[in-house]
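Here is the structure we will look at.
Quick caveat, the model's predicted, so the values are computed rather than measured. Atoms within each ligand, like the ligands themselves, are counted from 1 in listed order.
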Amino acid sequence: MRTQVVIIGAGPAGLLLGHLLLAEGIDAILVERASADYVLGRIRAGVLETTLTDLLHQLGIDERLNAEGLPHDGFNLADGERLIRIDVAALTGRHVTVYGQTEVTRDLMTAATERGLQIIYEAADVTLHGIEGDAPFVTFRENGVPKRIDARFIVGCDGFHGPSRQAMPAHVAQAFEKVYPFGWLGILADVPPCNHELIYASHDNGFALASMRSNTRSRYYIQVPLDEKIEAWPDDRVWDELAVRLGPDVAGNITRGPAIEKSIAPLRSFVFEPMRHGSLFLAGDSAHIVPPTGAKGLNLAASDVAYLTRALTAFFNAHDNDAIAQYSDRALARVWKAERFSWQLTSLMHRFPGTTPFDRRMQMADLDYIASSTAAQTTIAENYVGLPL
Ligand code: FAS
Ligand code: PHB
């Protein structure tokens, strides 16, 4: 097989890139390790910047988003005594949309079938070849049969554990990482949310987040120790701890119900440089990871893909090599600012092992300052809605 761009990974980054290239008349084939059902089964992000929703509107892959997406003009920080509302609409003129990553992925998959975007699922042993030349190719096995796709470029959208980042030569690569000493236990339940907007809570016991997927489906998280076992958290214990950490005013509005999904995810900050070498580009989680506190992970995948689409379109349709040469620096500039915001909000809202009473007072003073300062709230707001491309 031959195409112009091989995309490894059919998660949100790969699917979005495939559609955007197709819309520009650029031929792409996606090669995905898992089944479509497995990809859809992963419960992840919930808050979309306009960075991502604008692309879905541009593609016309927005019918369900328009019908079911919940525009949010603000969110809340809870410090144990009050809710500090960050009015992102008033402070930035923009909003975010609550619409699950699973639904974004589902919409992109449905549109792929309708529009003829080629996706090869359950591809085994995907391997990259020739990335330092201008005739790279990917090999893999489909139903046990060896296959090969030749292309002009390969884009690694294969997430944190995929092969693309590993294919970058060590002498050009530099990784930056911070692993946090705790994780997030998340539950999904078909109960109405406890609040009409998200609440990020800082409590002596640890962090909690009250989010949602719709007006009838809630998504909650609590900070747990890194070595915590999910078995130690039956539903009732999760609901009890959420009531404590979200505070008495909110606790009364929590509707309990059986968790339809419950999992623990580690938190890390990670950036890999460069995001391009030869004929290989990286986009999304294959190049960077943020702690989900700032709701940036999925949205950074969208900005990477927006930059890369512009670059590949200039190359194929205008014979302009400059944009592909600038891709890595341009994408990383936005990645690092999102890494900073995510790290800062994580540091503010979580309990770190070894936190001293002074450290805790510093967190409380920071929250008290945010409550009293429009300037501080504006800084948070403009990062939360997404910095400009
Ligand atoms: P993905 O990991 O989504 O997709 C990569 C794809 O590549 C997968 O389908 C995988 O099967 C495939 N792949 C891997 N290896 C392959 C191989 N060898 N060959 C072919 N295909 C291969 N972000 C937020 O904004 N908010 C959140 O609350 C949030 N929660 C998260 C919770 C968890 C547990 C995780 C892991 C991430 C979370 N994220 C969150 C971040 C997440 O949403 C990512 O940013 C988003 O999935 C990025 O999309 P992709 O870059 O497409 O990577
Ligand atoms: C979610 O709803 O899954 C979610 C929302 C906001 C975050 C993280 C996760 O910052």
Side-chain angles (χ1 to χ4, degrees), residues 6-18 30-49 51-52 70 72 75 96-102 104-105 108-109 119-128 138-141 155-167 183-188 193 197-200 207 209-214 217-221 261 263-268 270 282-305 335 338 341-342 345-346 349 384 386:
V6 178
I7 300 170
I8 301 178
L15 288 164
L16 191 59
L17 178 61
L30 284 76
V31 182
E32 165 59 51
R33 173 188 61 182
S35 67
D37 286 345
Y38 182 86
V39 176
L40 280 174
R42 296 189 302 235
I43 307 298
R44 290 189 173 169
V47 172
L48 310 185
E49 295 174 4
T51 313
L52 175 48
L70 302 173
H72 277 212
F75 68 97
V96 293
T97 303
V98 169
Y99 187 69
Q101 173 174 324
T102 303
V104 173
T105 304
L108 290 167
M109 284 178 176
I119 306 173
I120 298 168
Y121 286 103
E122 298 181 273
D125 300 333
V126 175
T127 309
L128 294 79
V138 168
T139 57
F140 57 96
R141 282 187 296 107
V155 181
C157 294
D158 44 350
F160 186 65
H161 300 290
S164 297
R165 190 174 67 246
Q166 315 304 331
W184 277 19
L185 183 152
I187 65 165
L188 197 63
E197 293 176 331
L198 273 65
I199 301 172
Y200 294 77
F207 169 81
L209 170 59
S211 183
M212 64 197 78
R213 291 292 177 269
S214 69
R217 176 167 285 192
S218 297
R219 178 71 166 164
Y220 289 97
Y221 297 92
E261 192 270 350
S263 56
I264 295 177
L267 270 64
R268 78 176 75 236
F270 177 85
L282 302 179
D285 276 19
S286 66
H288 43 73
I289 298 287
V290 283
T293 322
K296 293 295 133 214
L298 174 59
N299 295 298
L300 274 181
S303 50
D304 290 349
V305 162
V335 165
F341 174 65
S342 305
L345 203 55
T346 302
M349 301 303 288
Y384 195 79

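Residues Phe140 and Asp125 have side chains not in contact (no heavy-atom distance under 4.5 Å, counting atoms from C-beta outward). Contact of the Leu209 side chain with the Tyr220 side chain is not registered, since no non-hydrogen atoms from C-beta on lie closer than 4.5 Å. Put simply, the side chain of Tyr99 does not reach to within 4.5 Å of the side chain of Leu70, judged on heavy atoms. For the pair Val126 and Arg33, the minimum side-chain heavy-atom distance is 4.5 Å or more. Side chains of Pro163 and Asp158 form a contact here, defined as non-hydrogen atoms less than 4.5 Å apart. Considering only heavy atoms from C-beta on, Leu185 comes within 4.5 Å of Ile187 through its side chain. Between Thr97 and His72 there is no side-chain heavy-atom pair separated by less than 4.5 Å.
At under 3.5 Å, not a single nitrogen or oxygen of Pro292, backbone or side chain, sits near a nitrogen or oxygen of ligand 1. Some N or O of Leu298 is nearer than 3.5 Å to an N or O of ligand 1, by distance alone. Checking only distances, Ala13 does come within under 3.5 Å of ligand 1, N or O to N or O. At under 3.5 Å, a nitrogen or oxygen of Arg42, whether backbone or side chain, sits near a nitrogen or oxygen of ligand 1. Residue Gln101 has at least one N or O atom closer than 3.5 Å to an N or O atom of ligand 1.
In terms of protein heavy atoms, atom 1 (P) of ligand 1 is closest to Arg44 NH1, 3.3 Å. Looking from atom 34 (C) of ligand 1 to the surrounding protein, the closest heavy atom is Ala265 CB, 3.6 Å. For atom 21 (N) of ligand 1, the closest heavy atom belonging to the protein is Arg33 N, 3.1 Å. Distance from atom 18 (N) of ligand 1 to its nearest protein heavy atom, with residue and atom name: Pro163 CD, 3.2 Å. Taking atom 48 (C) of ligand 1 as the reference point, the nearest protein heavy-atom neighbour is Asp285 OD1, 3.4 Å. Of all protein heavy atoms, the one lying nearest to atom 7 (O) of ligand 1 is Asp158 CA, 3.2 Å. Atom 11 (O) of ligand 1 has Glu32 OE2, 2.6 Å as its closest protein atom, hydrogens excluded (heavy atom only). Nearest protein neighbour of atom 24 (C) of ligand 1, counting heavy atoms only, is Ala45 CB, 3.2 Å.
A donor-acceptor pair under 3.5 Å is absent between the side-chain atoms of Thr105 and the main chain of Gly11, judged by distance alone. A donor-acceptor pair under 3.5 Å links the side-chain atoms of Glu32 to the main chain of Ala10, judged by distance alone.
Using a 4.0 Å cutoff on heavy atoms, Ala123 does not count as a contact of ligand 1. Note on ligand 1: Phe140 sits outside its first shell, no heavy atom being nearer than 4.0 Å. Look at His161 and you'll find every heavy atom at least 4.0 Å from all atoms of ligand 1.
Taking every heavy atom of Gly159 and a limit of under 4.0 angstrom, the matching atoms of ligand 1 come to 2 (O), 5 (C), 53 (O). Near Tyr221, the atoms of ligand 1 lying under 4.0 angstrom from a non-hydrogen atom of the residue are 28 (O). Heavy-atom contacts of Gly284 reach the following atoms of ligand 1: 51 (O) (cutoff under 4.0 Å). The ligand atoms of ligand 1 that sit less than 4.0 angstrom from a heavy atom of Ile8 are 19 (N), 20 (C). The ligand atoms of ligand 1 that sit less than 4.0 angstrom from a heavy atom of Gly162 are 15 (N). When each atom of ligand 1 is checked for a heavy atom of Cys157 under 4.0 Å away, the hits are 5 (C), 6 (C), 7 (O). Per-residue contacts place Ala295 under 4.0 angstrom from the following atoms of ligand 1 (heavy atoms of the residue considered): 25 (O). Under a 4.0 Å criterion applied to the non-hydrogen atoms of Val31, ligand 1 contributes the atoms 20 (C), 21 (N).
The two residues Val39 and Ala34 have their closest heavy-atom pair at CG2-CB, 4.3 Å. Closest of all the heavy-atom pairs between Leu17 and Cys157 is CD2-SG, 4.4 Å. In plain terms, the two heavy atoms of Ser342 and Lys296 that are nearest each other are OG-CG, 3.5 Å. The two residues Ala13 and Val305 have their closest heavy-atom pair at O-CG2, 3.5 Å. The two residues Glu261 and Ile43 make their nearest non-hydrogen contact at CG-CG1, 3.7 Å.
Side-chain atoms of Gln166 and Ser164 include no donor-acceptor pair closer than 3.5 Å. Side-chain contact annotation: Asn299 with Thr51, donor-acceptor N/O pair under 3.5 Å absent.
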Which atom pairs, nitrogen or oxygen on both sides, join ligand 2 and the protein at under 3.5 angstrom?
from, atom 1, to, atom 2, distance (Å)
ligand 2, 2 (O), Ser211, OG, 2.6
ligand 2, 2 (O), Arg213, NH1, 2.7
ligand 2, 3 (O), Arg44, O, 3.2
ligand 2, 3 (O), Arg213, NH2, 2.8
ligand 2, 3 (O), Tyr221, OH, 2.6
ligand 2, 10 (O), Tyr200, OH, 2.8
ligand 2, 10 (O), Pro292, O, 2.7
ligand 2, 10 (O), Thr293, O, 3.2
ligand 2, 10 (O), Ala295, N, 3.3

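Surrounding CZ of Phe160 are more than 12 heavy atoms belonging to other residues, nucleotides or ligands, all under 6.0 Å away.
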Check residues 285-295 and write down every donor-acceptor pair under 3.5 Å in which the side-chain atom is one partner and the other belongs to a residue at least two apart or another chain.
from, atom 1, to, atom 2, distance (Å)
Ser286, OG, Gly156, O, 2.8
Ser286, OG, Ala283, N, 3.4
Ser286, OG, Ala283, O, 3.0
His288, NE2, Gly284, O, 3.4
His288, NE2, Asp304, OD2, 2.5
Thr293, OG1, Thr346, OG1, 2.7

